[in-house]
Amino acid sequence: MESTNSNPVSWGEFNFDASKEQNADAKVIVNTDTNSQTADSSAQKKPYQGKKGKGQSKFEKLQEQVDEEVRAKWELEQNTLKLQLIEQDTFDWKLEKDPTKSTLRYVGAIDISYSKNDDRKAVAALIVCEFPSMKVLYEDFEQETADYPYIPGFLAFKEVPVYTILFNRLKSNQPELWPDVLLVDGNGILHNRGFGCASHVGVLFDVPSIGVGKTVFAVDGLTQLGVKELCDKYLQKGGDLIELVGKSSKVWGAALRSTNDSKNPIIISVGHRISLETSIKVVKSCIYKFRIPEPIRCADLKSRSLVKKYYDS
DNA sequence: GCGACAG
DNA sequence: ATCTTGTCGC
């Protein structure tokens with residue numbers, strides 16, 4: 001009867017079993033240091049390797065921080081999980097009042113902030129807000145030491161471990177607050193393999209999810225600058241939203257000018273079990289007075305203040 | 001082949 | 001992601 005979320009969750013060579021976390025009051029920090037840096041682990045992982053040549057681009061340097069083997073494994077993992085991806089509304093709630101359906105009630109959000117002194121030290125936060133009041137009903141956070149640096153195209157593999165802990169704790173402590181929809185900082189299907197962090201998290205935890213980014217991930221001809229130009233042109237006409245259509249004519253997401261005076265748009269893409277149309281509605285409804293949707297902003301503020309408190313003070 | 005790449 | 005200074009607006 002636990003088919004919704006398997007526990008423990010495993011990906012790649014790792015296993016995370018947050019069910020071990022007994023001291024699970026929300027708003028209580030539990031330090032789960034899963035990586036004991038034993039000198040002789042069988043690991044062939046080479047995180048945070050130093051750079052090599054000097055003629056390399058930033059991108060090459062990033063890419064070389066994990067083995068070919070690891071990247072191949074990650075791509076396989078993404079392509080496998082992608083088989084479960086659903087890009088349409090698969091839930092029984094509506095944003096509007098509807099006698100035959102329930103109303104959207106819980107909007108979740110996750111975010112991670114990193115130490116300025118140590119790339120690996122971070123604090124992740126999980127927030128659940130009541131919709132549409134945006135009142136915070138639940139907040140939890142977790143310190144972590146990341147196994148890998150940020151690799152474009154593989155963001156999920158850096159962030160999912162700590163999210164797993166947070167979601168398992170939510171499930172065991174306050175299952176009634178399980179989010180109807182989850183906002184993830186990062187992209188959903190707007191990704192070079194069509195399976196960004198938001199989709200990854202959505203499939204893994206079987207929750208409708210939406211990717212909300214602050215910049216454009218270049219794919220299928222879409223670029224930060226190109227979208228920027230389109231937005232400027234479109235905004236002159238008074239619009240607040242443009243679809244992100246790639247050279248292949250595929251619609252990858254949408255750029256939304258979320259507030260009247262925001263210079264840059266936010267990038268919305270389908271995560272899992274939701275359509276782009278509904279994703280846009282949800283995100284718009286979660287904008288309070290800032291460019292970033294309130295739940296994500298709360299998670300961001302929370303994790304940012306804690307990472308400062310625990311690592312940079 | 002080269003360049004471009006969420007957080 | 002993180003670091004910066006000032007500046008505009010409620």
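Residue numbers begin at 1 in each chain, while the letters A, B, ... track the order of the sequences. This is a predicted model, so every value here is computed, not measured. Note that these values count all heavy atoms, side chains included, but never hydrogens, waters or copies made by symmetry.
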Starting at atom [atom1] of [X], determine the distance to atom [atom2] of [N], rounded to an integer number of angstrom.
X        : N      : atom1 : atom2 : value
A:Leu244 : B:dA6  : CG    : C1'   : 13 Å
A:Lys228 : B:dC5  : NZ    : C1'   : 19 Å
A:Leu190 : B:dA4  : CG    : P     : 18 Å
A:Tyr288 : C:dC10 : OH    : P     : 15 Å
A:Asn260 : C:dG9  : CG    : C1'   : 13 Å

Which part of the nucleic acid does [X] contact within heavy-atom distance under 4.0 Å: base, sugar-phosphate only, or nothing?
X        : answer
A:Val216 : sugar-phosphate
A:Gly196 : base
A:Asn187 : base

Given [N], is OP1 or OP2 found less than 4.0 Å from the side-chain N or O atoms of [X]?
X        : N     : result
A:Thr215 : B:dG7 : yes
A:Tyr114 : B:dG7 : no
A:Lys214 : C:dA1 : yes
A:Ser115 : C:dT2 : no

Practice item. Name the closest nucleotide to the A:Phe217 side chain, picking from C:dT2, B:dA6, B:dG7. Key: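 Of C:dT2, B:dA6, B:dG7, B:dA6 is nearest to the side chain of A:Phe217.
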Check your understanding: Choosing from C:dT2, B:dA6, B:dG7, which nucleotide comes nearest the side chain of A:Cys197?
Key ->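 Of the candidates, B:dA6 comes closest.
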Review point. Among side-chain atoms of A:Thr103 and A:Lys94, is any donor-acceptor pair under 3.5 angstrom?
Key: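 Note: A:Thr103 and A:Lys94 side chains miss the donor-acceptor criterion.
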Review point. Is the closest basic N to carboxylate O distance between A:Asp220 and A:Lys250 below 4.0 Å?
Key: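 Salt bridge flag = no for A:Lys250 with A:Asp220.
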**Study point:** Ionic contact status for A:Arg273 with A:Asp206, cut-off 4.0 Å
**Key:**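 Yes, this pair counts.
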Practice item. Evaluate ring-ring contact (aromatic ring centres under 6.0 Å, His included) for A:Trp93 paired with A:Phe131, printing each intermediate quantity in order. Key: CA-CA 12 Å; A:Trp93 52 260; A:Phe131 186 90; 8.0 Å; no
Exercise for review: Would you check if A:Pro295 and A:Cys129 make a side-chain contact, meaning some heavy-atom pair closer than 4.5 Å?
Suggested key: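 Yes, close enough: below the 4.5 Å cut-off.
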